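The structure under discussion appears below in the form of structure tokens.
Not measured: the values here are computed from a predicted model.
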Number of protein chains: 4
Amino acid sequence: MNKVILIGNLTKDPELRYTPNGVAVATFTVAVNRPRTNQAGEREADFINIVAWQKLADLCATYLRKGRQAAIEGRIQTRSYDNKEGKRVYVTEVVAENVQFLGGRSNDGGGDNAGFDPGFGGGNKPSGQRNNDFDPFGDPFASAGKPINISDDDLPF
Amino acid sequence: MNKVILIGNLTKDPELRYTPNGVAVATFTVAVNRPRTNQAGEREADFINIVAWQKLADLCATYLRKGRQAAIEGRIQTRSYDNKEGKRVYVTEVVAENVQFLGGRSNDGGGDNAGFDPGFGGGNKPSGQRNNDFDPFGDPFASAGKPINISDDDLPF
Amino acid sequence: MNKVILIGNLTKDPELRYTPNGVAVATFTVAVNRPRTNQAGEREADFINIVAWQKLADLCATYLRKGRQAAIEGRIQTRSYDNKEGKRVYVTEVVAENVQFLGGRSNDGGGDNAGFDPGFGGGNKPSGQRNNDFDPFGDPFASAGKPINISDDDLPF
Amino acid sequence: MNKVILIGNLTKDPELRYTPNGVAVATFTVAVNRPRTNQAGEREADFINIVAWQKLADLCATYLRKGRQAAIEGRIQTRSYDNKEGKRVYVTEVVAENVQFLGGRSNDGGGDNAGFDPGFGGGNKPSGQRNNDFDPFGDPFASAGKPINISDDDLPF
DNA sequence: TTTT
DNA sequence: TTTT
């Protein structure tokens, strides 16, 4: 049993990429507000990385945008890879099995990337940030919008 | 909404520590088998780090041992800290809100650390591994069994 | 472990009542759409009865209205009572432990049963059905808005 | 979103039946102990009816027995039917999507129906009890172990 | 009509 | 590196 249910808001537009075999994979981060404020009285959130595959990846890339609210059902996945300094990096993320699009911040529009880029979210991310050693979401999906070098071992199906 | 439910087996005995204020915190890792084998036909698992606080920490330290099976209800928490090389490390873990002790591998005994160490789990971990930069569970809880320097900001209550 | 998570829309306004001891209890039904259409190609829903107590009852009565969307976390409860014909009636319902108010159908839309009902649900229940022997939600909360004769045994806290 | 996760013990052996089309359906009830005692200091439980279909029905009938512990993932389903007195009966049950067999009360044996009847659970139920008007689990699955008159509308796939 |  |  490995079950996760989240309701949160996207911190950015989803990024849609493809494996060498052409399998669609969407990644995004969801901010889930904590129920209570911390000792300093501030509202905090957890920022949880989500991975969606195949048809669900396409749906997420099409319907989700920065700020929108979504309910995500999935499972926690842990994996590791060696970064370019040869250190093993451990990643914990949620593999989405079902996503329900909720009301969220507006029908979309207005936001950061409105108007352009309806198919996927790339571009709004400072380049050079991916492949960063510590970025838990940076690897192994590198170049947005086109095939990348990812092992079939990462496919969860 | 941030809900996690896991059933898995402990990879090691829990480690019980205390914050400077004397609050008990137990950490352990649970291996949750994936429903399907991978392309190579191997059974894989996700290794998910769990944190329990206060009375629940004591219960986990008392009743859980390496190999035992447990059902864990909790929430995903993300946090970050700066490691000793000044790099920001991002951590994703599950904060347990409820733990149910299941049958598991044996009544306890037999296993790696049987007989000794009923109060907490340390010792069975190769020393030198903690404080490793990339160990997502290594920091900020350093010295097992006694108070450590941890900010009150990490207390989830 | 007894965990339920639902996202659905209220079929009616919540009903707020009080036990003889003055404890608030709110009841409402949530329609949760099924993911697939049935063999006849129709969209179906499950109609799930929710009970909330105390402060959460007040919040539900204040913020929820017919048609609104909510995420409900809770647990399944079964109970039974003898109806006025002396037959034992079995009831299965969800005791809410947490409710998140989502966007839903309109910001609220007028009052109680506002006029016309563009969403769905209203008025489609034959009046006189409440207090019917078989209505799984009709009993034991009878008279809306004021104290009623309910055993303390039903209080889940 | 309609998600249920339960860990409980079977109150009886599962009953395995077949629709007119030969689809396997297993039904059983799981007792889930409540975390707290009630005002009278008694330990209470919720008795939750489970329905499993197809291959999962066969697995449940094969591996589950009275007293055994299981983790059930599924969804709440509500349906209604007219009993033989022409009254509409409302049913709330859990449709299992995944069942994990846990340790439970013993490897099986000992129990009520040990030794005999390894394929399905019938027989241990007082006859005449099914088709009772109020039995929330009695209808529409009537005759154990062989095809019965059930509408295709009840198939959840 | 309930289980450990 | 974060959302409402």
Side-chain angles (χ1 to χ4, degrees), chain A residues 6-15 27-34 43-50 64-70 72 102-106 110-112 121 124-130 132 134-138, chain B residues 1-2 78-80 87-90 100-103, chain C residues 1-2 78-80 87-90 100-103, chain D residues 6-15 27-34 43-50 64-70 72 102-106 110-112 121 124-138:
Chain A
L6 307 170
I7 298 179
N9 299 80
L10 273 78
T11 62
K12 294 188 183 141
D13 289 1
E15 305 197 18
T27 55
F28 55 96
T29 299
V30 120
V32 183
N33 294 312
R34 296 196 185 155
R43 198 106 212 278
E44 286 180 300
D46 294 290
F47 296 93
I48 301 169
N49 293 325
I50 314 288
L64 289 179
R65 284 292 172 279
K66 176 181 179 174
R68 294 228 58 177
Q69 192 180 37
I72 292 140
L102 300 173
R105 191 194 48 169
S106 76
D112 256 355
N124 59 328
K125 198 153 200 178
S127 76
Q129 190 184 53
R130 300 265 130 197
N132 183 295
F134 290 93
D135 186 337
F137 225 26
Chain B
M1 174 90 51
N2 182 340
T78 59
R79 58 185 174 85
S80 62
K87 286 197 158 175
R88 178 131 295 229
V89 182
Y90 294 93
Q100 189 169 346
F101 309 121
L102 301 174
Chain C
M1 175 90 51
N2 182 339
T78 59
R79 58 184 173 88
S80 63
K87 286 196 158 173
R88 179 133 293 231
V89 182
Y90 294 93
Q100 189 169 344
F101 309 121
L102 301 173
Chain D
L6 307 170
I7 297 179
N9 298 80
L10 273 79
T11 62
K12 295 189 183 138
D13 289 1
E15 304 197 17
T27 55
F28 54 96
T29 298
V30 121
V32 183
N33 293 313
R34 297 196 181 154
R43 198 109 214 273
E44 286 180 300
D46 294 290
F47 296 92
I48 302 169
N49 293 325
I50 314 289
L64 289 179
R65 283 295 171 279
K66 176 180 178 175
R68 296 228 55 178
Q69 191 181 38
I72 293 140
L102 301 173
R105 191 197 45 169
S106 78
D112 254 354
N124 58 328
K125 199 153 199 178
S127 79
Q129 187 183 57
R130 299 264 128 197
N131 271 349
N132 182 295
D133 301 340
F134 291 91
D135 186 336
F137 225 27

Would you mind telling me which of [options] lies closest to the side-chain atoms of [X]?
X	options	result
D:Ala45	E:dT3, E:dT2, F:dT2	E:dT3
A:Ala31	E:dT2, F:dT3, F:dT2	F:dT3
A:Thr11	E:dT1, E:dT2, F:dT2	F:dT2

Distance in angstrom units between [X] [atom1] and [N] [atom2], rounded:
X	N	atom1	atom2	value
D:Asn49	E:dT2	CG	P	13 Å
A:Leu64	F:dT2	CG	P	20 Å
A:Gln69	F:dT2	CD	P	21 Å
D:Asp13	E:dT4	CG	P	11 Å
A:Asn9	F:dT2	CG	P	15 Å
D:Arg43	E:dT4	CZ	C1'	9 Å
B:Leu102	E:dT3	CG	P	20 Å
B:Asn2	F:dT4	CG	C1'	16 Å

*Donor-acceptor pair under 3.5 Å: do we get one between D:Asn33's side chain and the base of E:dT3?*
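Counting by modelled atom types and ignoring angles, a donor-acceptor contact under 3.5 Å is found here.
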
*Go through the structure and list residues passing side-chain hydrogen bond (donor to acceptor under 3.5 Å, both in side chains) with A:Asp46, not counting sequence neighbours.*
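Applying side-chain hydrogen bond (donor to acceptor under 3.5 Å, both in side chains) to A:Asp46 gives A:Arg34.
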
*asked:* Once side-chain hydrogen bond (donor to acceptor under 3.5 Å, both in side chains) is applied, do any residues pair with C:Asn2, and if so which ones, sequence neighbours excluded?
replied: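 None.
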
*With a 4.5 Å limit on heavy-atom distance, are the side chains of A:Asn49 and B:Tyr90 in contact?*
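Side-chain contact under 4.5 Å: no.
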
*Got a donor-acceptor contact below 3.5 angstrom from the B:Thr78 side chain to the A:Phe47 backbone?*
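At least one qualifying donor-acceptor pair exists.
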
